[in-house]
Amino acid sequence: MSTGFSSSSCRFADYFVTCGLDTESGLEPDELSALCQYIQATKFRDVARGKLAGAKEGENFEQSPLRRTFKSKVLAHYPDNVEWNPFDQDAVGMLCMPKGLSFRTQTDIRKPQFHSFIITREDGSRTYGFALTFFEEVTSKQICSAMQTLYHMHNAEQYDILHTPPTPRSPEDTRSTQQLLAAPSLSRLQRFNSYDISRDTLYVSKCICLITPMAFAHACRRVLEQLHQAVTSPQPPPMPLESYVYNVLYEVPLPPAGRSLKFSGVYGPVVCQRPSTAELPLFDFPLQEVFELLGVENVLQLFTCALLEIQILLYSQHYQRLMTVAESITALMFPFQWQHVYVPILPASLLHFLDAPVPYLMGLHSNGQDDRTKLELPQEANLCFVDIDNHFIELPEDLPQFPNKLEFIQEISEVLLAFGISSEAKPQCSEGQSKLRVFRSGDMASDKRNGNLAGSPLNSYLLRENQTIARLQALVKRTGVSLEKLDVKEDTSTNKDSKVQCDEEELKKHQLNIRVREVFANRFTQMFSDYEVFVIQPSQDKESWFSNRDQMQNFDKASFLSDQPEPYLPFLSRFLETQMFASFIDSKILCHDDEDKEHTLRVFDSRVDKIRMLNARTPTLRTSMYQKCTNIDEAEKAIEMRLCKIDHTALHPHLLDMKIGQGRYEPGFFPRLQSDVLSTGPTSNKWAKRSAPAQWRRKDRQKQHTEHLDNDQREKYIQEARNLGTTLRQPKLSNLSPSVIAQTNWKFVEGLLKECRNKTKRMLVEKMGREAVELGHGEVSITGVEENTLIASLCDLLERIWSHGLQVKQGKSALWSHLLHYQESKEKRDATPAGLGPPGIIHDTERRKSDAGCAMPPLKVSMIQDMRHIQNISEIKTDVGKARAWVRLSMEKKLLSRHLKQLLSDHELTKKLYKRYAFLRCDDEKEQFLYHLLSFNAVDYFCFTNVFTTIMIPYHVVIIPSKKLGGSMFTANPWVCVSGELAETGVLQVPKNTLEITFECQNLGKLTTVQMGHDNSGLYAKWLVECVMVRNGITGHTYKFPCGRWLGKGVDDGSLERILVGELVTNTETEDRMCRTPPMQQSPGMMRRFVTISPNSKPKLNTGQIQEGVGEAINGIVKHFHKPEKERGSLTLLLCGEYGLVWALEQVFQHGFKSPRLFKNVFIWDFLEKAQVYFESTERSQMTQDENWQMRVRHFCHFMRAINSTPRNIGKDGKFQMLVCLGARDHLLHHWIALLAECPITAQMYEDMALLKDHSLVNSLIRVLQTLQEFNITLEASLVKGIGI
């Protein structure tokens, strides 16, 4: 969002406005506050008529008329209209006096209050307002008597309430209630009767306001305060007020960039200065106040929430505080800009905007009485709530840490300490943190003897008490930075008094602001110093780029993240997904040359270039080394220079051409100014639009032209194509009407649907991209962190959808509370006998169709069951956490769309929980939304299994013996051991009569291998096993571990145990399913073409096909290691699975193997054993061979002996598998192939055409195997059990 002001304005102020009581229309109550009061009153009546009107309740009487709010009007504004900034009466009226008029009597405090506000137009451009509210005596007799009448009515009403007899429940109740009510009633009435026309003076609030294109807060405040002083001081001002207002409106220009300006107020000069185009943008609010109110740690947390576009609600009794905090946080984001709803002061009539299901930054005025618990906020699952006055901040769950948070806090604290400001919130901290002694930082600064600052500034009591600073101290000691040198900044202004043209306070504010802002800006220049490398420039022209903006990726996120230090990832991966980052990169793509770059981007890029040059001179590897800000001094000097030497002085106020008698005024009253002299500016004035100096005019024309051309497009596209909540960037500040609310909510619904479409698409593209890589296409493009980020943002979107249009908020998670309501009603229905149909029918509709070849029927689909699983996980404590876990589980089970459809099919419940306009009650949008979610079924997610790694999960194992040779005669006792990516179970005995077992253990992760075997007991201990099936009882994932071999002595290869490698079974379902995912496994590639898969026929492959098989197996392993660590699949599958390395080398050794006599099987292991015997004999006979050869032989024999002497009964093929795995791990396979090819035993056992006898083929095989040398292969424990090498 451009924080830019309207380009056409070159005047300091566009309008001067007065707001207040319109005596013509009299007292009109503010509808909204009247409604609130009515609700309060009815609450009170119910209580009073109930069992007991306790003394406490009595305090809460309906508001007395003096405390009510009445409608304020814009009384006058000068000039009538300005072409470049049309006057918005509704918005100005609402924001000058957001709570309407208030009345006081002479006994109340009536201090003037200053506040600023911002009006954001629909196109995102901003205008600032600065308002001073003060009290004036009410002179109108009608108004005073109206107030008196209201009081009479009010008192009578209170008397009625107090004397309404409550319905007695028992004699004691009656007595106690009467005593309670009778006693205080009279004194209460007197207290309420606080306005008496004969004895009291009535005052009403009035407001004067400047509307300006740029936020010169300090200058505007001085102008307004001097104008107010002019009407309240006993002496009349030197000239009529019109002269001063005219001067500010028409004769004071905006200072040009990089210049300062001085003009005259009523009583003294006013100075303002504007940064040059090479400096940080203009910012004139006191950051000191923000840090004093919230403390450094809280400010940083709030800053993190804003960067991640989390909904932020600021809460304070002071309008100016709301504005200061909001503007400060958005200014510190440089070079990024807040892209969403931004209303630092939310007028009472726009409270329905808190229901907005989009990111927002809003400020809510508190009346000082209600505490946080009374605030009913529509959604809190992803809300950052900032109670400014109580120095307290509530954060959403799992907020990532800002990179280098501790060092960053340390650096900011040092800047603040140099100005004598504590890094803690001022009066007290939020509860839970240590309370600080009240302590004035000014004293601390001046008193150097107290050891607080001069000695070791971070050692004061104040800082010792705070945990963050304690952590910092430890960190500082470790880094060896000495804090002794850090001294309180001497007052720079004392020696410059003669020169500096503004007061000390003002200079100090500028210095502190620029220092803190530079420290923040430096974080982004360091973090994104090489961002340009990762910007994806569009290949097509601008027009087509604009129209396809939605589908385009504009930044290579995966590569950027892979360069970042690990601790940065949780924050950065979420930040790269935000709208503000996308818009920043968009504007980078749109501005090729420096000329058309917008200001922020130009400044940022020049800083990044500096850092790059520094790094080029001192090349450092990217580390998370914290680099402090170095350019504070020059930024500070620039400001001081401007303030010492004022560049422009505006015309002095002068007498205007007014009639005699005009311009007089009554002391104490701000007069109605003469509109005839204020409505138009001077015609010959050089600042006026039409005759501006040539270079300004030319600049402006160019600027308007480019804005017209580019900005129209740029705004239109960047905001429209890109913004998910496009249509509701900014609420229209107009009066409340049902049609406006309905229209706003309709825009929300459209926005949510669009956001859902974009999110699902983005997630699918990422995921499909990755699966394509696993199937052998393209490059990998997603990291685990990124997938987590996308799923977290989907959970956030679901929470926003579920909290849109809620009737009554319950709990922090709207989605979970809806699920609980559903669970409750379903359990009630199931409990009533009427609801029971024949159980079979229910079962049938809920049941998934099972895979034909699978002896394990899939889990019953049950949303309630999935909820119970989540409720049983003790690690998840909060509702928001439960909702997120449930979404992850449903995604993993591919049931998210189906479950939510079921949840929303209970129309009665949805009606009960949601208002008519809610997203969930818009049928078409809801259908489309569910359809978008359905597309997730096209890919496999493990977002539940991979995140909840410590929970207990029930597993079900079934062993399926071959149907041909039924295992009914089998007498031995079988066992299994299941291994996954996270853990393994240990040996589990399986009952031989059922061959099934269910057990619970800690999450194993994705399953990789099953070791199975038997104890060889009984008469018939031979067993042909087809496969083993294992199912995860929570996610329903079923894995199939094919075997197809015998286990038993004297049959097959004599093995009593085998290691089986499995893969995920996908459910093929027609209903509710979109498409089937290929199994998560390495690319099957060419081999599928050559191998006819049938268990009996051994395929005969030619040498070319065998080479290709080896190549593909090696290729799979190489690709595995090129993926980011968190993303790698199962290495075991690539080694021992179908078409893995073991299989490929098996083909090599079987090629040309001489066929043995009938009925006798010869195994590769037999050949290897013979070769071992030969090598050992040659070693003993000490035939002369080179050192290398002997080394290889020794290794080979050592491994063969170790495997043969293992206590495990793994059979000959199992031993061959173990040898290949160990050889791959220790990078010895290519040596062994070379040895065996030269061995005489090969000549005996292989035919001449065998691959092992062809030198060129053996050499190419060795070359291929050598590529494994660069990888560090770690074997799963199950593959090498019992081997001590």
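Residues take their numbers from the sequence shown, with the count starting at 1. From a predicted model like this one, the values you see are computed outputs, not experimental measurements.
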Side-chain touch [X]/[Y], heavy atoms, less than 4.5 angstrom:
X	Y	value
N1204	W1165	yes
E1187	Q1190	yes
I1241	L1236	no
Y955	N1032	yes
K1170	M1245	yes
L1064	F942	yes
L889	I1034	yes
I1273	L1131	yes

Original post:
Which is it for L1145 and L1229 under the side chain to side chain contact (heavy atoms under 4.5 Å, CB included) test, yes or no, and what are the steps along the way?
Top reply: CA-CA 10 Å; L1145 290 179; L1229 287 177; 4.2 Å; yes
**OP:** Quickly, which of L1101, I1106, L1257, L1252 forms a side chain to side chain contact (heavy atoms under 4.5 Å, CB included) with H1151? Name it, please.
**Re:** I1106
Original post:
Any ion pair linking E1238 and R1192 (charged N to carboxylate O, less than 4.0 Å)?
Top reply: no
I'd like to know if the side chain of [X] and the backbone of [Y] have a donor-acceptor N/O pair within less than 3.5 Å.
X	Y	result
T971	S1017	yes
S979	E984	no
T985	V978	yes
H1014	K1022	no
K992	P974	no
K1215	M1200	no
E1247	K1154	no
E1169	D1166	no
N1003	T945	yes
T1206	I1203	no

Subject >> Mutual orientation of the aromatic rings belonging to F1196 and W1232 [parallel < 30°, tilted 30-60°, perpendicular > 60°] >> reply: perpendicular
Original post:
What class does the angle between the rings of F1149 and F1216 fall in, given that below 30° is parallel, 30 to 60° is tilted and above 60° is perpendicular?
Top reply: perpendicular
Looking at every heavy atom in both [X] and [Y], which two are closest together, and how far apart are they?
X	Y	result
T949	Q1002	O-NE2, 3.7 Å
L1141	A1224	CD2-CB, 4.2 Å
E892	T1035	OE2-CG2, 3.4 Å
F1199	L1219	CB-CD1, 3.9 Å
H869	G1033	NE2-O, 3.7 Å
M1029	T1038	CE-CG2, 3.7 Å

Spacing of [atom1] belonging to [X] relative to [atom2] belonging to [Y], to within rounding of 0.5 Å:
X	Y	atom1	atom2	result
H1255	S1260	NE2	OG	13.0 Å
L1228	L1268	CG	CG	11.5 Å
Q1147	L1251	CD	CG	11.0 Å
T1242	F1153	OG1	CZ	10.0 Å
R1194	W1189	CZ	CH2	10.0 Å
I1059	M1012	CD1	CE	12.5 Å

Check whether more than 12 heavy atoms from other residues, nucleotides or ligands sit under 6.0 Å from atom [atom1] of [X], and answer yes or no.
X	atom1	value
K1253	NZ	yes
M952	CE	yes
N1188	CG	yes

**OP:** Would you check, one step at a time, whether the test side chain to side chain contact (heavy atoms under 4.5 Å, CB included) holds for N946 with Y941?
**Re:** CA-CA 9 Å; N946 290 344; Y941 278 101; over 6 Å; no
Subject >> Candidate pair F944 and F948, rule ring pair (Phe, Tyr, Trp, His ring centres under 6.0 Å), full reasoning >> reply: CA-CA 6 Å; F944 180 83; F948 299 101; 5.1 Å; yes
Subject >> Pair F1271 and H1120, ring centroids less than 6.0 Å apart >> reply: no
Original post:
Run the side chain to side chain contact (heavy atoms under 4.5 Å, CB included) check on F1121 and E1270 step by step: do they pass?
Top reply: CA-CA 10 Å; F1121 283 102; E1270 57 185 286; over 6 Å; no
Subject >> Any donor-acceptor N or O pair under 3.5 Å, side chains D1254, S1256 >> reply: yes
**OP:** Let me see the working for E1176 and R1201 under salt bridge (Lys or Arg N to Asp or Glu O under 4.0 Å), right down to the final yes or no.
**Re:** CA-CA 11 Å; E1176 282 172 343; R1201 283 194 296 276; 2.7 Å; yes
Subject >> Derivation and outcome, side chain to side chain contact (heavy atoms under 4.5 Å, CB included), residues D1213 and R1045 >> reply: CA-CA 11 Å; D1213 283 350; R1045 306 280 298 260; 2.4 Å; yes
